[in-house]
Amino acid sequence: MPTEQADQALLHIIAPPPVLYIGAFLLSIAIHAVFPLWGFPLPYLFKIPGGLLFLLSAAFARWAFWTMRQVGTTANPKQESQVLVTGGPFRFSRNPIYVAMTGLYLGLALLVNAFWPLMLLGPLLALMEWGVIRREEHYLAAKFGEPYTSYQSKVRRWL
């Protein structure tokens, strides 16, 4: 059972991460429709790397979700974590799903040959850091205590 402090942190992420990523991408495409900026030269050269990045990121996300399901916890940041996950992709990143979402976002930016998604990526990552990740870390530290802080000291936040 989480402590009251952990429960408060759990309830205070600003929005579900997929909503933030999809919202930022759709906003960037809307801005691009009104104020198009240059795309990448020779856009067909970026289709293959964009597609590969998208597919690799989707596979990385799938691995992270599968790992969480295997140990019996949820990937939903608005629900209570049952287990501290440190295996699978969590050996390399404390946030492999967010790494994957960032890769999906970048892959799509390359596929659609639009500059605005790249312009909004920095603010999106800052919002994720402040509005989601730090709050989740606070929750996990309150919920799991020393095992989480030890894990936190050994594994990077991103990659």
Side-chain angles (χ1 to χ4, degrees), residues 1-29 46 48-112 114 116-159:
M1 198 74 174
T3 65
E4 184 174 325
Q5 182 182 19
D7 194 37
Q8 287 299 316
L10 178 68
L11 299 175
H12 286 48
I13 64 166
I14 59 169
V19 171
L20 296 176
Y21 277 88
I22 293 167
F25 194 83
L26 291 176
L27 175 62
S28 72
I29 296 303
F46 290 91
I48 292 173
L52 285 174
L53 181 58
F54 188 87
L55 291 173
L56 288 172
S57 297
F60 196 60
R62 182 79 175 132
W63 185 24
F65 285 120
W66 182 82
T67 301
M68 293 181 86
R69 227 180 344 268
Q70 289 300 109
V71 298
T73 197
T74 181
N76 185 340
K78 291 242 177 195
Q79 293 180 358
E80 182 180 343
S81 294
Q82 301 299 318
V83 177
L84 178 60
V85 184
T86 60
F90 294 88
R91 291 175 298 173
F92 311 111
S93 169
R94 295 194 314 262
N95 297 295
I97 295 169
Y98 303 154
V99 169
M101 283 191 224
T102 303
L104 291 166
Y105 183 100
L106 286 169
L108 280 177
L110 293 173
L111 285 168
V112 299
W116 282 105
L118 300 178
M119 293 294 291
L120 293 185
L121 182 59
L124 169 61
L125 293 177
L127 187 60
M128 281 293 297
E129 176 77 22
W130 170 81
V132 177
I133 294 170
R134 288 180 188 238
R135 295 164 193 227
E136 286 179 347
E137 288 179 345
H138 178 74
Y139 164 75
L140 292 169
K143 168 93 178 171
F144 296 109
E146 195 282 325
Y148 179 73
T149 55
S150 175
Y151 169 70
Q152 197 175 27
S153 71
K154 294 175 189 161
V155 178
R156 294 177 185 209
R157 182 178 283 149
W158 289 94
L159 277 180

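Within the 4.5 Å cutoff, no side-chain heavy atoms of I13 are placed close to those of I133.
For residues 84-96, the pairs satisfying side chain to side chain donor-acceptor pair (under 3.5 Å) are R94-E137, with sequence neighbours left out. Pairs engaging residues 14-27 under the side chain to side chain donor-acceptor pair (under 3.5 Å) rule: Y21-T102 [sequence neighbours left out].
Residues S81 and L140 come closest through the heavy atom pair OG-CD2, 3.9 Å. Nearest heavy atoms, G72 versus Q82: O-CB, 3.5 Å. L53 and G103 make their closest contact through CG-O, 3.5 Å (heavy atoms, listed as atom of the first residue, atom of the second, distance). The nearest pair of heavy atoms linking L111 to G51 is CD2-N, 3.7 Å. The two residues P89 and T67 come nearest to each other via the heavy atoms CD-OG1, 3.4 Å. In terms of heavy atoms, S28 sits closest to W116 at O-CB, 3.4 Å.
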With side-chain contact (heavy atoms from CB on, under 4.5 Å) as the test, would you mind laying out the steps for Y98 and L20 before giving the verdict? CA-CA 11 Å; Y98 303 154; L20 296 176; over 6 Å; no

Show, in sequence, the C-alpha distance, side-chain angles and deciding distance for W130 and I14, and conclude whether the side-chain contact (heavy atoms from CB on, under 4.5 Å) test is met. CA-CA 9 Å; W130 170 81; I14 59 169; 3.8 Å; yes

Derivation and outcome, side-chain contact (heavy atoms from CB on, under 4.5 Å), residues L127 and V132: CA-CA 7 Å; L127 187 60; V132 177; over 6 Å; no

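Evaluation of the ring pair (Phe, Tyr, Trp, His ring centres under 6.0 Å) rule for F25 yields Y105 as partners, not counting sequence neighbours. Every side chain to side chain contact (heavy atoms under 4.5 Å, CB included) that P147 has, sequence neighbours left out, goes to L84. When the side chain to side chain contact (heavy atoms under 4.5 Å, CB included) test is applied to I97, the partners found at least two apart in sequence or on another chain are A64, F65, M68, A75, M101. Looking at residues two or more places apart in sequence or on another chain, you find a ring pair (Phe, Tyr, Trp, His ring centres under 6.0 Å) between F46 and F40.
Residue F92 holds its CZ atom at 4.5 Å from CH2 of W63, rounded to the nearest 0.5 Å. Taking CG from L106 and CG from L118, the interatomic distance works out to 6.5 Å, rounded to the nearest 0.5 Å. Atom CD1 of I22 sits about 13.5 Å away from atom CG of L27, to the nearest 0.5 Å.
Counting heavy atoms of neighbouring residues, nucleotides and ligands inside a 6.0 Å radius, atom CH2 of W66 does not exceed 12 of them. Residue L26 places its CG atom among more than 12 non-hydrogen atoms of other residues, nucleotides or ligands, all under 6.0 Å distant. Annotation for R156: atom CZ does not count as buried by contact number, only 12 or fewer foreign heavy atoms lying within 6.0 Å.
A tilted orientation is assigned to the rings of Y151 and Y148, their planes being inclined by 30° to 60°.
No side-chain donor-acceptor contact under 3.5 Å links S150 to the backbone of E146. In this structure a side-chain-to-backbone donor-acceptor pair under 3.5 Å is present from R135 to H12.
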